[in-house]
2 protein chains.
Amino acid sequence: MKSPTELSEAFRSQGRKLTPQRQAIFDALDGNPSHPSAESVYDMVRVHMPSISLRTVYQTLNDLTEMGEISQVDLGLGSARFDPNNEPHHHLVCSGCATVFDVAVEVDSPLPDLEVPAGLGDGFVVDSTDIIFRGMCARCAAGQQPTDLGPVP
Amino acid sequence: MKSPTELSEAFRSQGRKLTPQRQAIFDALDGNPSHPSAESVYDMVRVHMPSISLRTVYQTLNDLTEMGEISQVDLGLGSARFDPNNEPHHHLVCSGCATVFDVAVEVDSPLPDLEVPAGLGDGFVVDSTDIIFRGMCARCAAGQQPTDLGPVP
DNA sequence: TGCTAATCAGCAACTCTTGTTGACTGGCTC
DNA sequence: GAGCCAGTCAACAAGAGTTGCTGATTAGCA
Ligand SMILES: [Mn+2]
Ligand SMILES: [Mn+2]
Ligand SMILES: [Zn+2]
Ligand SMILES: [Zn+2]
């Protein structure tokens, strides 16, 4: 994702208005590695802007997704997660606390969009590859400190 | 998934009753590679058993999942898909028609549960790896013949 | 300054899935 | 063969997550 300043420019140059609500959402996402849900973004922004509505948060997150500034990832948790990291990467998902970590793709790895073995899906053209590693994060593997995030559905 | 006959035994031996509804669901899933949703199973079974309820279909699919006979996979389509294929494998998902294909894991591949590169998620213990290849199936890549399945959400 | 997008509150609605209740049926065991 | 009780059914309600809609108000930007 671009910086909040650059995003402001991008919004204006596309004829979208730059509102305080949108700026607050830019700030909440900037450098945020937590893969927040819409509700989480809502909670973050509400601290400094109690009047913002959840509807507006969804709207702006969808705008940013359309613009390609963030991506919306479905990790099999109950809700969509939003990801400002635009580098190609994959995800670790903790089954204990639902925390999500990024996994950088190694350049020499055979993981990304490569041909799949022949089979029933012959002729399938792969556009993208999503890899989800499920397991336990260090905290959850050690002992079960109670966490804010609920357990995985 | 075991054969319908074996499943019938498994149900009885676990104190679960063998009802015609359950048998019809066994039959619908047996050797079925389509990764049906609960609604799809419902539609398949209803052809020969119009009185079955969707509630019962969900119930039995959950029973089979608990027993480890099938797995419930979340492929980012609007609903859960049920998979009687218990061999370790991954999935191709067509963005055009939402068809799902199995991809067998090659034995010499570095794809399955291996250690992930060091990073923020240090100490993460990987239990399972889900890989979803997204793209276009041969049919959809060729021309757009209208398909029964709706487009991907 | 004015046009118009954006926001808000306050809803309703939608999809998928599970819960509930009360009545009934039919597997399974003895 | 009889009886217990799991299973099923209909007919709902409800929950979560997300989107839609309304009408009124605000405020960004030209
Ligand atoms: Mn990420
Ligand atoms: Mn499969
Ligand atoms: Zn954890
Ligand atoms: Zn297709």
Side-chain angles (χ1 to χ4, degrees), chain A residues 4 7-26 35-43 45-46 48-67 70 72-82 98 149-153, chain B residues 4 7-26 35-43 45-46 48-67 70 72-82 98 149-153:
Chain A
L7 277 185
S8 301
E9 266 320 298
F11 263 64
R12 264 195 286 249
S13 73
Q14 295 185 19
R16 303 180 196 259
K17 292 182 177 173
L18 183 63
T19 65
Q21 289 85 354
R22 287 172 170 179
Q23 293 185 65
I25 292 169
F26 299 165
H35 302 79
S37 64
E39 281 272 349
S40 294
V41 174
Y42 181 47
D43 289 338
V45 171
R46 232 181 341 169
H48 293 111
M49 184 179 284
S51 67
I52 197 171
S53 75
L54 179 59
R55 197 68 189 74
T56 296
V57 173
Y58 271 109
Q59 195 60 54
T60 299
L61 291 172
N62 286 341
D63 290 344
L64 287 167
T65 303
E66 282 174 21
M67 296 166 67
I70 64 178
Q72 182 173 344
V73 289
D74 185 336
L75 298 170
L77 313 165
S79 50
R81 301 304 192 95
F82 295 89
L149 309 157
V152 169
Chain B
L7 277 185
S8 300
E9 266 321 297
F11 263 64
R12 265 195 284 249
S13 73
Q14 295 186 18
R16 304 179 194 258
K17 292 182 178 174
L18 183 63
T19 66
Q21 290 85 353
R22 288 172 168 178
Q23 293 185 66
I25 292 170
F26 300 165
H35 302 78
S37 64
E39 281 271 349
S40 294
V41 174
Y42 182 47
D43 289 338
V45 171
R46 234 182 337 170
H48 293 111
M49 185 180 284
S51 67
I52 196 172
S53 75
L54 179 58
R55 196 70 188 77
T56 296
V57 173
Y58 271 109
Q59 194 59 55
T60 299
L61 291 173
N62 286 340
D63 290 343
L64 287 167
T65 303
E66 281 174 20
M67 295 167 68
I70 65 178
Q72 181 173 344
V73 289
D74 185 337
L75 298 170
L77 313 164
S79 50
R81 302 302 194 94
F82 296 88
L149 308 158
V152 169

B:Asp63 CG to D:dA6 C1', straight-line distance once rounded to whole Å: 11 Å
Phosphate-side-chain proximity, B:Thr19 and D:dT8, N/O vs OP1/OP2 below 4.0 Å: yes
Nearest-0.5 Å distance that lies between atom CG in A:Leu7 and atom CG in A:Leu18: 9.5 Å
DNA chain D: 5'-proximal contact among B:Pro50 and B:Arg22 (nearest heavy atom): B:Arg22
Touch class at under 4.0 angstrom, heavy-atom based, for A:Leu54 against every strand present: nothing
Nearest-Å distance for atom pair CD/C1', residues B:Glu39 and C:dT15: 10 Å
pair A:Thr65-A:Phe82: side-chain heavy atoms closer than 4.5 Å: yes
D:dC9 phosphate, OP1 or OP2, under 4.0 Å from B:Thr56 side-chain N/O: yes
Main-chain N/O of A:His35 paired to A:Arg81 side chain as donor or acceptor, under 3.5 Å: yes
Any N/O donor-acceptor pair, B:Arg55 side-chain to C:dG19 base, under 3.5 Å: yes
B:Arg16 CZ - D:dC5 C1' separation (whole Å): 16 Å
Spacing of A:Phe26 atom CZ relative to C:dA6 atom P, expressed in whole Å: 11 Å
A:Phe11 CZ - C:dA5 C1' separation (whole Å): 13 Å
B:Arg46 NZ/CZ over B:Tyr42 ring centroid, <6.0 Å and within 45° of normal: yes
Separation of D:dG17 P from A:Leu61 CG (nearest whole Å): 15 Å
N or O in side chain of A:Gln21 less than 4.0 angstrom from C:dC8 OP1/OP2: yes
Distance in angstrom units between A:Arg12 CZ and D:dA27 C1', rounded: 14 Å
Presence of A:Tyr58 side-chain N/O under 4.0 Å of D:dT18 phosphate oxygens OP1/OP2: yes
Touch class at under 4.0 angstrom, heavy-atom based, for A:Ser37 against every strand present: nothing
